[in-house]
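Shown next, in C-alpha coordinates, is the structure this report addresses.
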Amino acid sequence: MFRPLTVAAPRIRFSRFISTVESGTAYENHTISIFNRLGASLERTGGAGDNGVDFRGPWTLPDQQQFYLVGQCKYYERKKIGPSVIREWEGVMSRQELDTLGVVAASSGFTPACIQEALSSIYPIALVAIDGGDMSNQCANVEEAIRGFVWNKAADTFIGKLVVAKKHYDLCKLDQADPAMYTIQLLWNGQPLPPSISK
(Lines give C-alpha, C1' and ligand atoms only; values in the text may rest on other atoms or scores of the structure.)
Protein backbone atom coordinates (compact mmCIF):
# COMPACT_ATOMS: atom_id res chain seq x y z
CA MET A 1 0.00 0.00 0.00
CA PHE A 2 1.40 3.38 -1.00
CA ARG A 3 0.49 6.65 0.60
CA PRO A 4 1.76 10.22 0.38
CA LEU A 5 4.06 11.16 3.22
CA THR A 6 2.83 14.51 4.48
CA VAL A 7 3.79 15.82 7.86
CA ALA A 8 3.14 19.00 9.81
CA ALA A 9 5.57 21.93 9.84
CA PRO A 10 8.48 22.20 10.46
CA ARG A 11 8.82 18.79 8.86
CA ILE A 12 9.61 18.41 5.19
CA ARG A 13 7.16 16.89 2.72
CA PHE A 14 8.52 14.18 0.44
CA SER A 15 7.96 14.86 -3.23
CA ARG A 16 7.01 11.29 -4.18
CA PHE A 17 4.86 8.51 -2.86
CA ILE A 18 6.69 6.09 -0.59
CA SER A 19 5.51 2.87 0.99
CA THR A 20 5.06 2.39 4.71
CA VAL A 21 8.02 -0.02 4.62
CA GLU A 22 10.24 2.61 2.98
CA SER A 23 9.22 5.30 5.46
CA GLY A 24 9.69 2.91 8.39
CA THR A 25 13.16 1.91 7.18
CA ALA A 26 14.10 5.55 6.62
CA TYR A 27 12.98 6.39 10.16
CA GLU A 28 15.04 3.51 11.59
CA ASN A 29 18.13 4.76 9.76
CA HIS A 30 17.42 8.34 10.89
CA THR A 31 17.09 7.23 14.55
CA ILE A 32 20.31 5.21 14.35
CA SER A 33 22.10 8.25 12.91
CA ILE A 34 20.91 10.44 15.80
CA PHE A 35 22.04 7.94 18.46
CA ASN A 36 25.37 7.36 16.73
CA ARG A 37 26.07 11.09 16.96
CA LEU A 38 25.40 10.77 20.71
CA GLY A 39 28.22 8.24 21.11
CA ALA A 40 26.50 4.98 20.16
CA SER A 41 27.64 2.48 17.52
CA LEU A 42 24.28 1.12 16.43
CA GLU A 43 23.42 -1.04 13.47
CA ARG A 44 20.04 -1.66 11.89
CA THR A 45 18.63 -5.14 12.44
CA GLY A 46 15.04 -4.47 11.40
CA GLY A 47 13.25 -6.67 8.92
CA ALA A 48 11.76 -10.12 8.83
CA GLY A 49 12.86 -12.20 11.80
CA ASP A 50 14.18 -9.24 13.81
CA ASN A 51 12.32 -10.44 16.95
CA GLY A 52 11.01 -6.92 17.54
CA VAL A 53 14.46 -5.25 17.54
CA ASP A 54 15.09 -2.62 14.84
CA PHE A 55 18.58 -1.61 15.95
CA ARG A 56 21.26 -2.69 18.42
CA GLY A 57 24.79 -1.93 19.49
CA PRO A 58 26.99 -0.43 22.21
CA TRP A 59 26.55 3.10 23.61
CA THR A 60 29.36 4.79 25.49
CA LEU A 61 28.59 8.01 27.34
CA PRO A 62 31.20 10.32 28.88
CA ASP A 63 32.61 8.97 32.19
CA GLN A 64 30.50 5.83 31.82
CA GLN A 65 31.23 2.25 31.05
CA GLN A 66 29.88 1.00 27.78
CA PHE A 67 26.48 -0.67 27.78
CA TYR A 68 24.37 -2.37 25.16
CA LEU A 69 21.31 -0.78 23.59
CA VAL A 70 18.45 -2.38 21.67
CA GLY A 71 15.66 -0.37 20.15
CA GLN A 72 12.43 -0.34 18.26
CA CYS A 73 11.17 2.43 15.98
CA LYS A 74 7.57 3.46 15.40
CA TYR A 75 7.02 5.83 12.50
CA TYR A 76 3.55 7.35 12.34
CA GLU A 77 2.59 10.70 10.89
CA ARG A 78 0.13 11.60 13.65
CA LYS A 79 -0.75 8.63 15.86
CA LYS A 80 0.88 8.60 19.28
CA ILE A 81 2.20 5.30 20.61
CA GLY A 82 -0.01 3.55 23.18
CA PRO A 83 0.79 1.26 26.14
CA SER A 84 0.39 -1.98 24.16
CA VAL A 85 3.71 -1.21 22.43
CA ILE A 86 5.45 -1.09 25.82
CA ARG A 87 3.87 -4.38 26.90
CA GLU A 88 5.17 -6.00 23.70
CA TRP A 89 8.56 -4.34 24.20
CA GLU A 90 8.79 -5.81 27.72
CA GLY A 91 8.60 -9.24 26.09
CA VAL A 92 11.59 -8.29 23.91
CA MET A 93 13.47 -6.94 26.93
CA SER A 94 12.86 -10.14 28.90
CA ARG A 95 15.10 -11.93 26.39
CA GLN A 96 18.00 -9.43 26.62
CA GLU A 97 21.15 -9.50 28.75
CA LEU A 98 21.10 -7.55 32.04
CA ASP A 99 23.43 -4.81 30.76
CA THR A 100 20.96 -3.80 28.03
CA LEU A 101 18.96 -0.58 27.78
CA GLY A 102 15.80 -0.76 25.67
CA VAL A 103 14.77 2.27 23.62
CA VAL A 104 11.46 2.87 21.89
CA ALA A 105 11.68 5.73 19.38
CA ALA A 106 8.53 7.30 17.96
CA SER A 107 8.05 10.02 15.39
CA SER A 108 4.71 11.17 16.79
CA GLY A 109 5.33 10.81 20.53
CA PHE A 110 3.64 8.75 23.22
CA THR A 111 0.29 8.78 24.98
CA PRO A 112 0.27 9.49 28.75
CA ALA A 113 -0.76 5.84 29.31
CA CYS A 114 2.24 4.67 27.29
CA ILE A 115 4.61 6.83 29.31
CA GLN A 116 3.13 5.53 32.56
CA GLU A 117 3.47 1.94 31.35
CA ALA A 118 7.15 2.49 30.54
CA LEU A 119 7.86 4.28 33.83
CA SER A 120 6.38 1.42 35.83
CA SER A 121 8.24 -1.33 33.94
CA ILE A 122 10.83 -3.49 35.71
CA TYR A 123 12.95 -3.42 32.54
CA PRO A 124 15.27 -0.48 31.71
CA ILE A 125 13.33 1.44 29.08
CA ALA A 126 13.77 4.88 27.53
CA LEU A 127 11.19 6.58 25.34
CA VAL A 128 12.57 8.98 22.74
CA ALA A 129 10.48 11.17 20.47
CA ILE A 130 12.57 11.74 17.35
CA ASP A 131 11.15 13.95 14.63
CA GLY A 132 10.83 12.10 11.35
CA GLY A 133 10.77 15.27 9.28
CA ASP A 134 13.88 15.37 7.12
CA MET A 135 14.97 11.74 7.23
CA SER A 136 16.96 12.19 4.03
CA ASN A 137 19.34 14.52 5.88
CA GLN A 138 21.59 12.24 7.95
CA CYS A 139 23.37 15.39 9.20
CA ALA A 140 20.22 16.78 10.84
CA ASN A 141 20.87 18.65 14.07
CA VAL A 142 20.49 16.37 17.10
CA GLU A 143 18.90 19.22 19.05
CA GLU A 144 16.20 19.67 16.42
CA ALA A 145 15.57 15.97 15.88
CA ILE A 146 14.97 14.92 19.50
CA ARG A 147 11.61 16.21 20.71
CA GLY A 148 11.43 14.31 24.01
CA PHE A 149 13.43 11.85 26.10
CA VAL A 150 12.19 10.07 29.24
CA TRP A 151 13.27 6.88 31.02
CA ASN A 152 12.24 4.76 33.98
CA LYS A 153 14.05 4.08 37.26
CA ALA A 154 15.47 0.80 35.96
CA ALA A 155 17.26 2.77 33.21
CA ASP A 156 18.98 5.10 35.72
CA THR A 157 21.85 2.61 35.91
CA PHE A 158 22.60 3.42 32.27
CA ILE A 159 21.59 7.05 31.71
CA GLY A 160 20.87 8.42 35.19
CA LYS A 161 23.35 11.29 34.73
CA LEU A 162 21.65 12.45 31.54
CA VAL A 163 19.76 15.73 31.83
CA VAL A 164 17.12 16.69 29.29
CA ALA A 165 16.56 20.44 29.02
CA LYS A 166 14.14 22.42 26.87
CA LYS A 167 15.87 25.09 24.85
CA HIS A 168 13.34 27.73 23.74
CA TYR A 169 13.87 29.74 20.59
CA ASP A 170 15.16 33.28 20.97
CA LEU A 171 12.05 35.25 20.01
CA CYS A 172 14.14 38.37 19.35
CA LYS A 173 15.89 36.60 16.47
CA LEU A 174 12.94 34.83 14.87
CA ASP A 175 10.11 36.59 13.12
CA GLN A 176 6.65 35.34 14.16
CA ALA A 177 8.18 32.55 16.23
CA ASP A 178 5.85 30.32 18.18
CA PRO A 179 6.74 30.78 21.87
CA ALA A 180 5.79 27.14 22.47
CA MET A 181 8.45 25.94 20.04
CA TYR A 182 11.61 24.55 21.56
CA THR A 183 14.40 22.09 20.97
CA ILE A 184 15.83 19.53 23.37
CA GLN A 185 19.35 19.90 24.73
CA LEU A 186 20.90 16.76 26.22
CA LEU A 187 23.48 17.35 28.95
CA TRP A 188 25.92 14.95 30.59
CA ASN A 189 27.53 16.30 33.78
CA GLY A 190 26.45 19.77 32.71
CA GLN A 191 28.07 19.54 29.28
CA PRO A 192 26.18 19.34 25.97
CA LEU A 193 25.89 15.89 24.44
CA PRO A 194 27.33 15.50 21.89
CA PRO A 195 30.03 18.13 22.60
CA SER A 196 30.12 19.21 18.95
CA ILE A 197 26.67 20.84 19.21
CA SER A 198 27.63 23.28 22.00
CA LYS A 199 27.25 26.90 21.01
Side-chain angles (χ1 to χ4, degrees), residues 7 10-12 14 18 21-47 49-76 81 85 89 92-93 96-97 99-110 118 123-152 155-165 167 183-199:
V7 290
R11 298 176 180 176
I12 294 175
F14 285 86
I18 64 171
V21 172
E22 286 177 305
S23 59
T25 300
Y27 185 69
E28 290 169 10
N29 290 329
H30 178 62
T31 299
I32 290 166
S33 173
I34 295 299
F35 270 97
N36 285 348
R37 279 182 276 143
L38 293 171
S41 297
L42 304 180
E43 294 182 358
R44 183 175 175 274
T45 58
D50 65 11
N51 294 318
V53 175
D54 293 327
F55 57 87
R56 64 175 63 234
W59 190 11
T60 305
L61 292 167
D63 304 326
Q64 172 102 351
Q65 289 186 352
Q66 188 177 79
F67 59 90
Y68 206 70
L69 185 147
V70 294
Q72 186 176 79
C73 294
K74 296 292 183 184
Y75 180 75
Y76 299 113
I81 304 307
V85 169
W89 185 242
V92 172
M93 290 301 296
Q96 306 301 316
E97 298 292 328
D99 66 339
T100 303
L101 173 67
V103 171
V104 178
S107 59
S108 55
F110 307 89
Y123 299 102
I125 296 175
L127 303 179
V128 186
I130 297 180
D131 185 24
D134 189 4
M135 295 185 291
S136 63
N137 180 8
Q138 294 302 306
C139 296
N141 190 325
V142 172
E143 288 179 331
E144 294 173 4
I146 297 177
R147 305 300 297 158
F149 201 130
V150 65
W151 59 91
N152 63 9
D156 273 347
T157 304
F158 304 99
I159 54 176
K161 292 182 182 178
L162 188 66
V163 173
V164 180
K167 185 175 176 182
T183 58
I184 294 292
Q185 174 70 68
L186 299 179
L187 304 170
W188 189 267
N189 288 334
Q191 299 299 313
L193 183 72
S196 61
I197 63 172
S198 61
K199 304 216 178 354

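In this chain, residues are counted from 1 in sequence order. Computed over heavy atoms, backbone and side chain alike; hydrogens, waters and symmetry mates excluded.
- Using cut-offs of 30° and 60° on the angle between ring planes, the pair Tyr27 and Tyr75 is tilted.
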Exercise. Where do Glu28 and Gln72 land on the side-chain contact (heavy atoms from CB on, under 4.5 Å) test, with the steps shown first?
Worked result: CA-CA 8 Å; Glu28 290 169 10; Gln72 186 176 79; over 6 Å; no

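- For Asn152, the side-chain contact (heavy atoms from CB on, under 4.5 Å) test picks out Leu119, Ser121, Ile125, Ala154, Ala155, with sequence neighbours left out.
- A distance-only check finds no donor-acceptor pair linking the side chain of Ser33 to the backbone of Asn29 [under 3.5 Å].
- In this structure, Met93 and Pro124 have side chains that are in contact, with non-hydrogen atoms separated by less than 4.5 Å.
- Partners of Trp151 under the ring-ring contact (aromatic ring centres under 6.0 Å, His included) rule, at least two apart in sequence or in another chain, are Phe149.
- Under the ring-ring contact (aromatic ring centres under 6.0 Å, His included) criterion, Tyr123 pairs with no residue, sequence neighbours left out.
- For Gln191, there are no side-chain contact (heavy atoms from CB on, under 4.5 Å) partners at least two apart in sequence or on another chain.
- Nearest heavy-atom pair across Ala118 and Leu127 is CB-CD1, 3.7 Å.
- Judged purely by atom type and a 3.5 angstrom limit, Asn36 uses its side chain to pair as donor or acceptor with the backbone of Leu42.
- Contacts of Glu97 classified as side-chain contact (heavy atoms from CB on, under 4.5 Å), with partners at least two apart in sequence or in another chain: Asp99, Thr100.
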Exercise. Going through the distances and angles, do Leu38 and Trp59 end up as a side-chain contact (heavy atoms from CB on, under 4.5 Å)?
Worked result: CA-CA 8 Å; Leu38 293 171; Trp59 190 11; 4.2 Å; yes

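- Under a 3.5 Å cut-off, the side chain of His30 and the backbone N or O of Thr25 do not form any donor-acceptor pair.
- Trp188 contributes a side-chain N or O that, together with a main-chain N or O of Pro62, makes up a donor-acceptor pair within less than 3.5 Å.
- Applying the side chain to side chain donor-acceptor pair (under 3.5 Å) test to Thr60 and every residue at least two apart in sequence or in another chain returns Gln66.
- For the residue pair Thr31 and Ala105, the shortest heavy atom distance occurs at CG2-CB, 3.8 Å.
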For this session: Evaluate the criterion side-chain contact (heavy atoms from CB on, under 4.5 Å) for residue pair Val70 and Gln96; output intermediate values, then yes/no.
Result: CA-CA 9 Å; Val70 294; Gln96 306 301 316; 3.7 Å; yes

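- Looking at residues two or more places apart in sequence or on another chain, you find a side-chain contact (heavy atoms from CB on, under 4.5 Å) between Ala129 and Phe110, Arg147.
- Side-chain contact between Glu43 and Phe55 is absent, with no heavy-atom pair separated by less than 4.5 Å.
- Counting heavy atoms from C-beta outward, Leu162 and Leu186 have side chains that approach closer than 4.5 Å.
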